[in-house]
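Down below is the structure, laid out as structure tokens.
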Protein chains: 2
Amino acid sequence: MNLSKTSKYAFRILVHMAKDEKALYSAQQLHQNIDVPERYLRRLLTDLSKSGFIKSIQGRQGGFIFARDISTITLLQIVESVDGLDSINECILGYDSCAFDYSCPMHDVWAETKMKIIDTLTKTSLKDIHNNRLEDF
Amino acid sequence: MNLSKTSKYAFRILVHMAKDEKALYSAQQLHQNIDVPERYLRRLLTDLSKSGFIKSIQGRQGGFIFARDISTITLLQIVESVDGLDSINECILGYDSCAFDYSCPMHDVWAETKMKIIDTLTKTSLKDIHNNRLEDF
DNA sequence: GTAAAATACTACAAACAAGTAGCATTTAAT
DNA sequence: ATTAAATGCTACTTGTTTGTAGTATTTTAC
Ligand code: SF4
Ligand code: SF4
């Protein structure tokens, strides 16, 4: 259970872009709208392109645009690509590999909550987010 | 949503100690049972003492023992004392102070899950953990 | 009273995450 | 062609968290 700051930045970027799904956004434009250090933002945009969420268009008038339908992009996929799945799925006691044959006392306590987290992240696509609310972002 | 490794270490320590609530545990003993670097474990034990969960008994035959009834120690209190409450409660987009007057689209998506997390951590005491399961730890 | 077994304190070191900088490359407008 | 506006790559710097070391202090056993 560990969302890095970078994952949160990725959320900011993609949720913002999802507001107008078909639009092309330049790094500068994004920087003006969401509070992420400019160079770091750019690097992250490149990473998100490589992960296939968005694609980059180079050159003057270039920028970033979604590479696939935003209803197919879930929050879990985003976290997974930035932090890795372990960050969410890992043992609540921080063991690399579970030290126990049977589950330890903490396991059951956390299991349901962990499921809820994964469930929410899995079921929520970028499209869902803006369907829920139409407020400005 | 960010449990540091140190918080997880704290869980390991206290959940282990809660198995025999009234016993006195030396740092060495704990080190043999849970996989936390020895010197780091000791420092953390001192911190947990200062936070009032356990108390230290110095000198030969010394060690650590719960300072209060384990039914009054919740997981949230432990996280709070190690990482601070913000680590759990913080904005899913990582904004220090919410940038919006009204809630942004992400807020509602996460609100329920966040509540579930806080709820679980608040309602689960060290006693509950071992009441749920009697397995060895 | 001396030694041994424990915790306490504080500074340092290593590892990791976050942020910055410089320069290269691509493309459109002129 | 030239210039400007954009992304791409890679190395460096800074900050935070995690882990280590040395030394001091406390208390019991003998
Ligand atoms: S059983 Fe315990 S140690 Fe193993 S993965 Fe679950 S919480 Fe972690
Ligand atoms: S409304 Fe949005 S930005 Fe504000 S705290 Fe909630 S998730 Fe964060």
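So that the names make sense, note that chain A is the first sequence line, chain B the second, and so on, each numbered from 1. As the structure is a prediction and not an experimental result, all values here were calculated from the model.
Of the two residues contacting DNA chain D, namely S7(B) and S26(A), the nearest-nucleotide position lying further toward the 5' end is that of S26(A). Between Q28(B) and K50(B), the residue anchored nearer the 5' end of DNA chain C, judged by the nucleotide with its closest heavy atom, is Q28(B).
Defined by atom type and a distance below 3.5 Å, a donor-acceptor pair is present between the side-chain atoms of S125(A) and D128(A). In this model, no donor atom of one side chain and acceptor atom of the other lie less than 3.5 Å apart for S4(B) and Y9(B).
Protein atom CG of N2(A) is 14 Å distant from nucleotide atom P of dC16(C), rounded to whole Å. Rounded to whole angstrom, the span from the CG atom of L44(A) across to the P atom of dA17(C) amounts to 15 Å. One can place CZ of R43(A) at 11 Å from C1' of dA21(C), the figure rounded to the nearest angstrom. When the P atom of dC12(C) is taken as reference, atom OH of Y40(B) falls 18 Å away, rounded to whole Å. Across the protein-nucleic acid pair, L41(B) atom CG and dC9(C) atom P stand 16 Å apart, rounded to whole Å.
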Open item on the list: Can you build the contact string for nucleotides 25-30 of chain C? Use B for base contact, S for sugar-phosphate-only contact, and - for no protein heavy atom under 4.0 Å.
Closed with: -BBBS-
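OP1 or OP2 of dA8(C) lies within a sub-4.0 Å distance of a side-chain N or O belonging to S56(B). For the OP1/OP2 pair of dA18(C) and a distance below 4.0 Å, the side-chain nitrogens and oxygens of T6(A) include at least one atom meeting the criterion.
The same ILVMFWY cluster, assembled from side-chain heavy atoms under 4.5 Å apart, contains both Y25(B) and I34(B).
Taking every nucleotide of DNA chain D with any atom under 4.0 Å from a non-hydrogen atom of chain B, the first and last of them, 5' to 3', are dT18(D) to dA29(D).
Classification of R42(A) and E38(A) as a salt-bridged pair holds, one side-chain N sitting under 4.0 Å from a carboxylate O.
Of the possible donor and acceptor atoms, one in the side chain of K114(B) sits under 3.5 Å from a partner among the backbone N and O of N89(B). In this structure, H130(B) contributes its side chain and V15(B) its backbone to a donor-acceptor pair below 3.5 Å.
The structure places CD1 of I54(A) at 10.5 Å from CG of L24(A), a figure rounded to the nearest 0.5 Å.
Residue R42(A) places no side-chain atom within donor-acceptor reach of the base of dG19(C), judged by atom type and a 3.5 Å distance cut-off alone.
Residues V109(B) and L75(A) meet the side-chain proximity criterion, which asks for heavy atoms closer than 4.5 Å.
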